[in-house]
Structures are given as structure tokens and as C-alpha cells.
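Data block below; observations after.
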Protein chains: 4
Amino acid sequence: MRPRDDKDPRIERSRGCVLEATGELLQELGYGPLTIEAVAARSGVAKSTIYRHWSGKAALVADAFSHLHDREAPAAPPPGPVRDRVVAVLQQLAIDMASHDRLACLIPALIDAAERSEEMAALAPQLVDERAQSLVDVLDDGVKTGDLRPDIDTRLLADALTGPLVLARLFHRPPIDPADIPAIVDQILPRTAGG
Amino acid sequence: MRPRDDKDPRIERSRGCVLEATGELLQELGYGPLTIEAVAARSGVAKSTIYRHWSGKAALVADAFSHLHDREAPAAPPPGPVRDRVVAVLQQLAIDMASHDRLACLIPALIDAAERSEEMAALAPQLVDERAQSLVDVLDDGVKTGDLRPDIDTRLLADALTGPLVLARLFHRPPIDPADIPAIVDQILPRTAGG
Amino acid sequence: MRPRDDKDPRIERSRGCVLEATGELLQELGYGPLTIEAVAARSGVAKSTIYRHWSGKAALVADAFSHLHDREAPAAPPPGPVRDRVVAVLQQLAIDMASHDRLACLIPALIDAAERSEEMAALAPQLVDERAQSLVDVLDDGVKTGDLRPDIDTRLLADALTGPLVLARLFHRPPIDPADIPAIVDQILPRTAGG
Amino acid sequence: MRPRDDKDPRIERSRGCVLEATGELLQELGYGPLTIEAVAARSGVAKSTIYRHWSGKAALVADAFSHLHDREAPAAPPPGPVRDRVVAVLQQLAIDMASHDRLACLIPALIDAAERSEEMAALAPQLVDERAQSLVDVLDDGVKTGDLRPDIDTRLLADALTGPLVLARLFHRPPIDPADIPAIVDQILPRTAGG
DNA sequence: GCTTAATCGAGACGGTACGTCGCGTCTTACG
DNA sequence: CGTAAGACGCGACGTACCGTCTCGATTAAGC
């Protein structure tokens, strides 16, 4: 349907080099000190070309994250009883949250950007909910199977479960050890066990 | 606080103006776009004077947060049964986060700042924990009175309770109506009777 | 002059604007109070662009002097007997020094600049000597024709002749009337016949 | 007659320290890089005190020169025949002109300042003429004794004689060796020998 | 294969903010 | 009082990146 998509392979090559370089620099410097000039220098792609493809640093970095994640196995949906599946999801979240080159380290910027811009305010819940949805899905499954009470608000419960992890990360409290997550789940989840 | 023999009142005056202006600008712009130049313009204090007192943006912002924090009266702990006290604390939190003149409404800026500056990363948990403590205290009381089971981690529970509120605020999901907070508490708060 | 393959015409345009503005400001302010900032404002060229082309104020001013020097047509040497030619040259000098749009009227700025910058210290004698040469040439001709004694140092004599004019101008003594120049020349210029 | 001149000895002590330090720094740095802050630091005298006594860098430096010269033997008026006395005066001038810590190195600043300020324009000839007068006096003596023709303009002649030295200095041409001065005098002076 | 138009690198441009330095003024406390 | 100490507002410094813009010099495409 789209008349001329991206026939020119140079576009894709440039994109690749830039995202590669951005990923490297993100790991080396983090988000704040990363500069478009540095990306241009490292990638050998001209600044003008970068701006031709991305609207700015935020867009570029967001894209670089996607690029990095595309190359990884998409988080496998864990099988088993609800409680174990919840634990698995949260453990994965804890790991992501601690890593330097994951979406997690963009979240602070995202939060602040959402505060100042209509666009970002609209985009933020979208991006976050996408990730959060997997947990809600697991909980919904639990409701369906009767492992969880039918009257619970699974969205709310998901936030209550992720809250401790996310808040610790955002406020730079000591990070939560994935090994402690079963205990956390057991404290919060059982309240909702089907009765 | 400290028995300084600051003879020259100009020092304290400058400090005050600058911290005031910094607080305002943090709210308007957030951490990233905040510039020392803008602080100087807004406060009427010369840039050189700002650098005379603070080593840079990070130190200034950290100080501004502390300053704002100091001037907020610690919310009086409400009386009554645990569940109602928790509800009251969370309702106050919901109100604070939506307001325009409280430290709580600077949380997005604080999160972003903590991500980019060592000083703020160290300060953030301090500021946040102090606020969070009131809820933990209420829960601890509940444990003492036997309204809550003795085996719970009150710190964790506090995060689970505030999580939904804070996350909704940060990610610009539809704001939570204070009227809904009792329902939220009832879903998450485990009471001795298990009901 | 140099066969540069400067494809981008903006470079030359910027250079021109900046040198123009620098010349103007040198005349108005002199070397000391001249500011790169002011040059940028006057020329409409960004400060960063100026620093892209020149290493600093000294280099810029040196270039501005060369630029002004290049555009001044070398005054045609007057014909006639030596004494009259000397008078003519000095009268032209007197006029130039009093004017507002000639390099000669920038001599005060040049002297000060030469005192404070290596570049200008190297350039100054170059600029000045080139102008002085025309008088030396006239005197050399006089020696050749026998109008002047062959044992004189024409360079020295040229300085002795211009000295009164230049010193009066520099030290703001009452200016010398061009009509008085013949008398001056007659006192200082040694002719073969001995006066 | 003056009611209370400077009874307070601290004033004189401060003045001394400052002038001392200024002299030292002038020799070390020259006029351009010399800073009032540096003078204050070196002398141990507060900046405010310096500004209480002098209007600025130029005035301070001028004063420092006077102070330095006051401690030296005032140039002895040379005896003997006119020609030798002229040579002696010019040789002293040549030496002064070459030294770093004499009035000579203020002259470029003086010239430029005179160009921009009424005050300085009035002051400049005064300061310079004071020094030039000794040569004019010598020449006037020569006229009186009949060694020089009575119809010469001694002021003009003095400028012609000093011109080569002064111009070489101001335009950073190679400095004139005092040993060459007799030859210079002999080329310019004889024209005016009494006939 | 031969244009021809898209895409590129290189980097100049006008800006904004940086953090520093020295200015000349002003304020306080001391002797 | 005059002073040392030093904070202050100010303005310029020279640098780093920003995001925009002109340039030829490759290409890859469709004629």
C-alpha cells in the first residue's frame, strides 16, 4: 500500500550505524552525558543525517533501546501457577531495572518529559502499560483459573506489586534483590487468593 | 540550624533568593532544562554569586530540594483505627501530588535529577523516605495494636500501597480519585482478621 | 590571492562582515576595550563562528588591519623636484592621519595592539614600513638625481621628517597645518647645496 | 596651611606596599596582564583600599612609575658642547625606551587612551612634553651659545631627533642601538649649525 | 549504461549556556 | 576613622553542543 517504502539500502545502513553507536555510548556514558555530536563522531554518520532520521536525542535513544531489545529473545511468557508466574515477571523487571542500557534508565527522563509536554504525557502511559500489561495478563489468568478472587482490580494489584521495585529504582533506594521477590509476592498476593 | 557566624546578611539573602527561584524553575521546567543562567535571571542574583555558593547545577538543585523540604510542616499523623489512618495518609498524598506548591509535586523533577547527579541520587531517598516514614509508622502502630499481622514488612507494604497512586501520577494515567482510596486500601492492606 | 577551493561562500561572507565590524570598532573603541562580543553583535556573526576563524582578539585584529591595508590604494608617488615631492608625501600623511576612514587614523589603536599582542607586534612594522617606503623611495630618488647628499641614511631621514607630524598627532599636540609642512621640510631636509 | 594632611601613617604605608607590589608585577607581567586583584594579593592590601587611593589601573601604574623614578637619581643634565649633550639625552631616551618598567611602556596605552578620552588627550602632551623639554632646553642653549642657527624651531628639531627612536619603539621595529645615536645626531643636527 | 534524484559526509552557521575571571562597588567588623 | 576581608552585580571570556543549513560527492533507480 505504501508507494515507496525504503528501497534505498543506505538509509537502513545509516540507521544501523547510528543506533549501534548510540547503544555503545549509552552504556559508556549514560543518557545525560550522551551527545548527538558524539554519536555522529562514533558512528561516522553526519549530524545532519541523524537529524534527518530522528527528531532529537530522546527519540534517538528510545529507538536505540528498541533496537537493542529486538536483538534479544522476547521475554518468554512463564508457565505454571499464578504465584510463580508473578514472581518470574517481577524478577525479570528487577533485572531490567538494574541494567544500564535498558528502557528503565529512560523512564526518569520520560517521567519528566511527560510533565512538560502534552505529547509525552500521552505517550508515557502507552509505553509503560505495554510492559506492565504482561503482569496484568498473568493476574487476569489467575482470576480466570480461580486462583485469584474475581472481585480484585488486577490493574491495581499489578501496580501494588511493581510499586516497591519501581519506587526503589526511581528514588535510588538500595535495589531489590531478585531473590527477595518471592517473599514480596507472598506478602501482597495472598490477600487476593480466591476464597 | 548550624551556629554559623555569618556576619554578612547578604550571603543569606542571596542564598534564599536563589533557592526560591530554583524551586520555582524546577517546577516549571524540570531538572534537565533548568539552567543556572535562568536561575540567575529569575532570582536577580548574579551568576558568579551562584557559583560562589554552589559547585554547579546538581548541588544547587539538591540544596533547593532540601530547602523546600525544610519549610514543609510535617503532616500531623491522623488518629483512629489503622485502616482509616492509612486511608487518610494516602488521600493526603494524592492531594499533595496534584498540588502546585508542595514538594510532592516536584517528584518528577526529583526523579530526573537523581538520575543525572550524584548529589541528588544521594539526597532523593533521604527526602522520600522521610515522607514515607509517616505511613510506615502508621502501619507499625497497626502491628503493635494487633490490627495487622505481625509478620508483615511494613516498609514493603507502604510501597505497595503508595505504588498505585504514585505510578498513576508519574505515568499520567487517569488520576486516582481520593474517594477510591478506601477501596484500594481494602484490597491491599492485610488485616489480622483476613477480611 | 590564494587559490583556495572554498566551496562554501558563507565562509568568506562571515569573514568579511567580521573584519568590517572589527575595523569600525577599532576606530571607535581602540584595541583595549574592543570585545569579541561586540564584534559579534555589530557584525551579526555568531561568537562561535568568530572563534572558528580566529584564535582570539589578537589574531582577529591583526587580520582586520591587514584587510584594511589591502583595500587602500597605494598613494601614487607625486612627480617633480625632491623637496616638493617630500612636501606632498608629508601633506598626504597629515591628511590621512586626521581622516576617519583610513588606516592611518587607526595608528593609535595599532600601537596599543602591538604592545599587547605578539601577532600585532610582528605585523605593525610590516604595515607601517610599507607606507613609509614611499617617502624613502622619494628620498632615494633624490640621492640618485644628486639633489640630496649621497651619504645620508634615507630611512633615518624619513623618520626624522615624519616624526614631528606623527608625534604631534599621537600626543594630541596642536595639529600641524599642512601649509606649514614646506617650512618643516626645509629645516630638516639636507640638500646637496647645503640649503 | 592645610588643616589635616595625612596624619594617619597607615595611608602612607598602604600606598607604599601597593606601589611596591605594582612595580614588581609590572616587571614580571607587563602592563596588559597586570591585575588589580593581583596587586591586592601581592601587597596584602585590600582591593577597596586600592580603589580608595587610585581611580584605576592606569592611575596606579602611572603612580608606580613615579614612585620607581623617585628612587633613582634624576637624569643629570649633561655638560659640554651641544652636539654631545644631544647625543647624551637621546642615548638616555633610547635606554628608557627599551626597558620594561619605565614610563615608555605606558606610552602606547597613553596614546590610545588619549584617543578616546578628553581628559587623557589633555594630559598626554603634558606628560610627554615634560620629558621632551630637556632636549628642547639643550637645543635652546645651543641657539643661545651660537652653536645652532637662531632661526630654527627647536621644538620641531627635537621631534625630528627623537622621531626615529620613538617610532621604532612604537611600531616594534628593531630597537636603535645607543651606539648608533651619534651618527643619527650628526645626520640631522648639522643642517642647523650656525652659519 | 546513463542519467537523475535521493542520500550522504563534512562542516559552517546562529545560538544558548557553560563555568571562570577580573572589574569596581559595597558591607561588615576590627583596631 | 581607615583598614582587611570578601560578597556582590556585571560583563566578557573561550568552549561545547545544539539544531539548521549549505555544499559537492557518492549511489541506486528507473529510463
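First the proteins, then the strands, lettered A, B, ... as listed; each starts at 1.
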Between Ser14(C) and Pro33(B), which has a closest nucleotide on DNA chain E that is more 5'?
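Checking each residue's closest nucleotide, the 5'-ward one belongs to Ser14(C).
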Assess the residue pair Ser66(B) and Leu123(B) against the criterion (side-chain contact (heavy atoms from CB on, under 4.5 Å)); give the C-alpha distance rounded to whole Å, side-chain angles, the decisive distance to 0.1 Å, and a yes or no.
CA-CA 8 Å; Ser66(B) 297; Leu123(B) 185 61; 3.6 Å; yes
Among dT7(E), dG11(E), dC23(E), which nucleotide has an atom closest to any side-chain atom of Arg10(A)?
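The listed nucleotide nearest to Arg10(A)'s side chain is dT7(E).
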Looking only at side chains, do Glu20(C) and His67(C) share a donor and an acceptor under 3.5 Å apart?
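His67(C) and Glu20(C) do not have a side-chain donor-acceptor pair below 3.5 Å.
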Glu115(A) and His172(B): side-chain donor and acceptor closer than 3.5 Å?
yes
Arg42(A) vs Glu37(A), salt bridge (Lys or Arg N to Asp or Glu O under 4.0 Å): CA-CA, chis, key distance, verdict:
CA-CA 9 Å; Arg42(A) 168 80 58 109; Glu37(A) 309 254 325; over 6 Å; no
Could you tell me the separation between the [atom1] atom of [X] and the [atom2] atom of [N], rounded to a whole number of Å?
X	N	atom1	atom2	answer
Glu37(A)	dA17(E)	CD	P	17 Å
Ile11(D)	dA4(F)	CD1	C1'	15 Å
Arg15(C)	dC13(E)	CZ	P	11 Å
Leu29(C)	dA12(F)	CG	C1'	14 Å

Heavy-atom pair with the smallest gap, counting every atom of Leu34(D) and Thr22(D):
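Nearest heavy atoms, Leu34(D) then Thr22(D): CD1-O, 3.9 Å.
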Just by distance, do the side chain of Thr35(D) and the backbone of Ala38(D) share a donor-acceptor pair under 3.5 Å?
no
Would the distance check show the side chain of Lys57(C) and the main-chain N or O of Gly32(C) forming a donor-acceptor pair, the cut-off being under 3.5 Å?
yes
Under the criterion side chain to side chain contact (heavy atoms under 4.5 Å, CB included), which of Ile107(A), Leu170(A), Asp112(A) is the partner of Asp112(B)?
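For Asp112(B), the side chain to side chain contact (heavy atoms under 4.5 Å, CB included) test succeeds with only one of Ile107(A), Leu170(A), Asp112(A), which is Asp112(A).
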For Arg13(B) and Ile36(C), find the nucleotide of DNA chain F closest to each by heavy atoms; which residue's nucleotide sits nearer the 5' end?
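Checking each residue's closest nucleotide, the 5'-ward one belongs to Arg13(B).
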Stretch residues 44-58 of chain C: residues that reach within less than 4.0 Å of DNA chain E through a heavy atom:
Gly44(C), Val45(C), Ala46(C), Ser48(C), Thr49(C), Arg52(C), His53(C)
Rounded to 10°, the angle between the first-five-pair and last-five-pair axes of the helix from dT4(E)-dA28(F) to dG31(E)-dC1(F) is 10°
